[in-house]
2 protein chains.
Amino acid sequence: MVYNNITMTDLAAEYDVSKYERPSVTVDIVLFTIRERRLNVLLVRRGQWPFEGHLALPGGFVRPAETLDEAAGRELEEETGVAGIFLEQLRSFGDPGRDPRTWVITIAYTALLPSDKHVLRAGTDAAEAIWHAVEDMPSELAFDHTMILNYALLELRRRVLSDSSLIKNLLPQRFTLTRLQEVYEILLGRALDKRNFRKWLQSENLVQATTEEERGSHRPARLYEFVLESASRL
Amino acid sequence: MVYNNITMTDLAAEYDVSKYERPSVTVDIVLFTIRERRLNVLLVRRGQWPFEGHLALPGGFVRPAETLDEAAGRELEEETGVAGIFLEQLRSFGDPGRDPRTWVITIAYTALLPSDKHVLRAGTDAAEAIWHAVEDMPSELAFDHTMILNYALLELRRRVLSDSSLIKNLLPQRFTLTRLQEVYEILLGRALDKRNFRKWLQSENLVQATTEEERGSHRPARLYEFVLESASRL
DNA sequence: TAAATAGTGTCTATAAGACACTATTCT
DNA sequence: AGAATAGTGTCTTATAGACACTATTTA
């Protein structure tokens, strides 16, 4: 953007914007996926102060010429090598003192990774990126990331309930109905009745059968895929 | 992508947070109230460049030692003289170029003012603060405030639907059921059936009758108040 | 033929919507 | 007595939940 090259400081002085102290602004990403029938979140182990050795949510600084969404997408790709997945702003967190280094306001994002795309590329800055089940989370995440994660979990459940099409971002392109139900059960934290679930699915017009089926040591299950739809949301 | 030249590893090496450019961070407040049976929003007329003479959402810079919620509350009080009303974070907006002066990320808040507290104090920095019906909004608000307002409207309707107790923040302490229904109708943008509405209200356990009634040139209406409750939300 | 999972329907309870008249107060 | 608003109940439809057996494949 043009103002970046020259004029920023001058204008800032002239219009008094610069008399206010500026915070650093980061994006932090709560990336969820399903692994081994459990909801997992991506964490990185910090290599330096502060919170050295602690687990933290992946994230990084927002740069002047990008949108917030772009910043989140870029950080996510740097950490995981995955691009183009579902990514949505969650909330900002800016309590003073949340980062001992300096004044840092973070904008948290939620992302969902389909369960067949677990490949994690070694991040450029993340010493170690690991999936962690949300059930037995370490009590001490870095910064205020435990709070952010808890907020993300509540929001995830709320959003999945109010928009049934969200779930598609956690599943591979083709899947069995039993697998789909399983993902719902994991997110909602309770068992669902198979017949009621399938009856409800029909009324949602969310998935359609393919001709393919999945075979195992039992009766084969039909594979379904999501209907590519024009609209959902209220 | 220019920014790929700068890597996070540089930062990691020196803990040097300050070497990254910092944005200015503001809070902007979408303050709704009901006036003359219409949903109104508070706007201020800008007295200087940029967007001089345009209407804008009230707001201001976040200070280092305050939380984001505090910043929003403080700005709101500076503009309106009203403190302690319902205030909730909405979303962050940070597209590059949204403020022609410099890089400014804003965190938008939604606030609700009860319809008996319309007193607006002349703000310290707001040249002119005015209520404006959301129906016939001027097309050209300053910055990206039209987008923020539209987002706030969608969210307001969504939140009112999913949490019936929110409505209490738009009504005085005591009110008639007809008045309460009116507010719902304004927010939802459609007429409601009186008998169905009252039946639904009963099941919500949201309001309770007082012994007081309101008199006019017609049969008096009983006044109700909100039940002070322990919990709502999903 | 046993093990394993897929797939399928009815009945009941609750919630939401359509719909119209009587009651009370003031002027 | 007329104007104005308050207040009240039934029937219908849609949605959600409880509940158990048969079907098909592999080993």
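Each chain gets a letter, A, B and so on, in the order its sequence line appears, and its residues count up from 1. Keep in mind that this is a model prediction, so the values were computed, not measured.
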How close or far is atom [atom2] of [N] from atom [atom1] of [X], stated in whole angstroms?
X       : N       : atom1 : atom2 : value
Q202(A) : dG7(C)  : CD    : P     : 12 Å
F197(B) : dT5(D)  : CZ    : C1'   : 16 Å
E214(B) : dG7(D)  : CD    : C1'   : 15 Å
R215(A) : dA27(D) : CZ    : P     : 11 Å
E213(A) : dT5(C)  : CD    : P     : 17 Å
L201(A) : dT15(D) : CG    : P     : 15 Å
E204(B) : dT14(C) : CD    : C1'   : 14 Å
K199(B) : dT14(C) : NZ    : C1'   : 11 Å

R91(B) charged N/C atom sitting above Y151(B) aromatic ring, 6.0 Å / 45°: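 Cation-pi check for R91(B) and Y151(B): passes.
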Between E214(B) and T176(B), does any side-chain donor sit less than 3.5 Å from a side-chain acceptor?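 Absent: no donor and acceptor within the cut-off.
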Please state whether the base of dA23(D) and the side chain of R219(A) form at least one donor-acceptor pair under 3.5 Å?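 For R219(A), whose side chain was compared with the base of dA23(D), there is a donor-acceptor pair (under 3.5 Å).
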Is any side-chain N or O of K194(A) under 3.5 Å from a base N or O of dG7(C), one able to act as donor and the other as acceptor?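 Yes, the side chain and the base share a sub-3.5 Å donor-acceptor pair.
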Picking from [options], which would you name as closest to the side chain of [X]?
X       : options                  : value
W200(B) : dA6(C), dG9(C), dA16(C)  : dA16(C)
D193(B) : dG7(D), dA18(D), dC19(C) : dC19(C)
R195(A) : dG7(C), dG9(C), dT25(D)  : dG9(C)
N196(A) : dA6(D), dG9(C), dA16(C)  : dG9(C)

L112(A) and its side chain to side chain contact (heavy atoms under 4.5 Å, CB included) partner, picked from V160(A), V30(A), L156(A), L171(A):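 When V160(A), V30(A), L156(A), L171(A) are each tested with L112(A), the side chain to side chain contact (heavy atoms under 4.5 Å, CB included) holds only for L156(A).
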Counting distance only, does the side-chain N/O of D144(A) pair as donor-acceptor with the main-chain N or O of M147(A) below 3.5 Å?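 Absent.
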Sorted by number, the residues of residues 172-183 of chain A with heavy-atom contact under 4.0 Å to DNA chain C: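 The stretch gives T178(A) as the residues lying under 4.0 Å from the strand, ordered by number.
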Do D136(B) and R38(B) pass the salt bridge (charged side-chain N to carboxylate O under 4.0 Å, His left out) test, and can you show the C-alpha distance, the side-chain angles, and the key distance before you say yes or no? CA-CA 11 Å; D136(B) 43 29; R38(B) 294 157 92 190; 3.3 Å; yes
Between R74(A) and E77(A), is there a side-chain N and carboxylate O pair less than 4.0 Å apart?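 No, this pair does not count.
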Salt bridge check: are R159(B) and E88(B) linked by an N-O gap of less than 4.0 Å?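 Here R159(B) pairs with E88(B) in a salt bridge, since their nearest N and O are under 4.0 Å apart.
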What does R198(B) touch in the nucleic acid at a heavy-atom separation under 4.0 angstrom: a base, only the sugar-phosphate, or nothing?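 Counting heavy atoms under 4.0 Å across all strands, the contact made by R198(B) includes a base.
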How do S217(A) and P220(B) order along DNA chain C: which one's closest nucleotide is nearer the 5' end?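 It is S217(A), whose closest nucleotide lies nearer the 5' terminus.
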